[in-house]
**Student:** 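Starting off with a structure, shown below.
Both backbone and side-chain heavy atoms feed into the values below; hydrogens, waters and symmetry mates do not. All figures in this text were calculated on a predicted structure; none of them were measured in a lab.
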Amino acid sequence: QVQLVESGGGSVQAGGSLRLSCAPSEGTFTSYPMAWFRQNPGKEREFVAASSQNGESTSYGNSVQGRFTISRDNAKNTVYLLMNNLKSDDTAVYFCAARATPITSPHHAYTGIVSYNTWGQGTQVTVSS
């Protein structure tokens with residue numbers, strides 16, 4: 001099964017930017033819809049952004065709409081999350097996820113956590129005000 005590895009997390013001041021990356025430890029995920037979620041201790045995992053298998057469709061959580069951008073480079077086997085104008089509320093562990101199952105549409109960006117069956121270990125993002 002595909003294992004995902006996130007990178008790019010760190011500490012930044014409010015208003016700054018970070019770019020997260022996610023790649024499989026082996027194999028390829030070019031045939032999978034992908035997403036980013038985030039979580040703080042004691043809270044549920046929250047949807048952040050999703051990309052369809054072909055990258056043509058994307059979806060975003062309300063709190064990040066207009067500030068975050070998900071993209072994928074299937075040639076490099078990598079999905080990205082560009083985070084601009086970061087706020088202290090964006091502080092969380094960010095997880096990359098893949099829907100490693102047969103898909104019915106390459107154009108659908110899945111937003112539900114139950115849609116994903118493969119997860120990375122997470123990368124910490126801390127935004128200071």
**Student:** Show your reasoning for whether side-chain hydrogen bond (donor to acceptor under 3.5 Å, both in side chains) applies to T78 and D73.
**Tutor:** CA-CA 5 Å; T78 302; D73 187 337; over 6 Å; no
**Student:** Considering all heavy atoms of both residues, which atom of L81 and which atom of A49 are nearest to each other, and what is their separation?
**Tutor:**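 Distance-wise, the nearest heavy atoms are CD1-CB, 4.0 Å.
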**Student:** Does either side chain, that of Y80 or that of R19, offer a donor lying less than 3.5 Å from an acceptor on the other one?
**Tutor:** no
**Student:** Among L86, N85, L82, find the one that has a side chain to side chain contact (heavy atoms under 4.5 Å, CB included) with F68.
**Tutor:**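 Looking at L86, N85, L82, the match for F68 under the side chain to side chain contact (heavy atoms under 4.5 Å, CB included) is L86.
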**Student:** C96 vs V79, test: side-chain contact (heavy atoms from CB on, under 4.5 Å). Steps then yes/no.
**Tutor:** CA-CA 9 Å; C96 177; V79 64; 3.9 Å; yes
**Student:** Considering the options V125, V127, T69, which one meets the side chain to side chain contact (heavy atoms under 4.5 Å, CB included) requirement together with M83?
**Tutor:** V125
**Student:** Do S57 and H107 make a side-chain contact, defined as non-hydrogen atoms from C-beta onward lying under 4.5 Å apart?
**Tutor:**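 Touching, per the 4.5 Å side-chain cut-off.
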**Student:** Check whether the ring centres of F37 and W119 lie less than 6.0 Å apart, and answer yes or no.
**Tutor:**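 Yes, ring centres under 6.0 Å apart.
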**Student:** With rounding to the nearest 0.5 Å, note down the distance linking CD1 in I113 to CD in Q39.
**Tutor:** 7.5 Å
**Student:** When you compare the side chain of V48 with that of Y60, does any pair of heavy atoms fall below 4.5 Å?
**Tutor:**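 Side chain of Y60 against side chain of V48, heavy atoms only: no contact under 4.5 Å found.
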**Student:** Using a cut-off of 6.0 Å, state whether more than 12 heavy atoms not belonging to Q124 lie near its atom CD.
**Tutor:**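 Yes, CD of Q124 has more than 12 neighbouring heavy atoms, counting only those of other groups under 6.0 Å.
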**Student:** Can a cation-pi geometry be assigned to R99 and Y110, taking NZ or CZ under 6.0 Å from the six-membered ring centre and within 45° of the ring axis?
**Tutor:** yes
**Student:** Using a 4.5 Å cut-off on heavy atoms from C-beta on, say whether the side chain of T123 contacts that of L20.
**Tutor:** yes
**Student:** Using side-chain hydrogen bond (donor to acceptor under 3.5 Å, both in side chains), reason through R38 and Y94 one step at a time and then give a plain yes or no.
**Tutor:** CA-CA 4 Å; R38 65 187 183 187; Y94 283 71; 2.9 Å; yes
